[in-house]
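These notes are about the structure you will find just below.
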Amino acid sequence: MATFLVLAVATSIDALAVGVTFAVLDTPILWPAVTIGAVTFALSAAGVLIGSAFGRVSGRKVEILGGVILIALGLRILLDHIAF
């Protein structure tokens, strides 16, 4: 959980630095925002397509494995919170 918090803070600092840089350079934000959105969309769509193709090839076994992994993560989070 602490790792996620550190990553969230790092991502926020990165976004703050980009915003301040755009302001200092007096750069219009439209084209960078469009570019960032397009790249994010393209990579997310590629991930969905690759995941879908992989799911068709591997079938039900991967769904079961994914479910087991999610249950394990949930149990780990639960046990971490019970320990406090």
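Just so it is clear, the model here is predicted, and its values are computed rather than measured. Atoms considered below: every heavy atom in the structure, side chains included; atoms not considered: hydrogens, waters and symmetry mates.
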Sequence neighbours excluded and cut-off under 3.5 Å, please list the side-chain donor-acceptor pairs for residues 17-25, or say none.
{"from": "Thr21", "atom 1": "OG1", "to": "Ala17", "atom 2": "O", "distance (Å)": "2.7"}

Which side-chain N or O atoms in residues 29-36 pair as donor and acceptor under 3.5 Å with protein atoms at least two apart or in another chain?
{"from": "Thr35", "atom 1": "OG1", "to": "Trp31", "atom 2": "O", "distance (Å)": "2.8"}

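Going from atom CG of Leu70 over to atom CG of Leu75 covers 11.0 Å, rounded to the nearest 0.5 Å.
Legend: residues meeting side chain to side chain donor-acceptor pair (under 3.5 Å) with Thr40, ordered by chain and number and at least two apart, are absent.
Cluster annotation: Ile69 is not connected to Leu78 through the hydrophobic network of ILVMFWY side chains, with a link wherever side-chain heavy atoms come within less than 4.5 Å.
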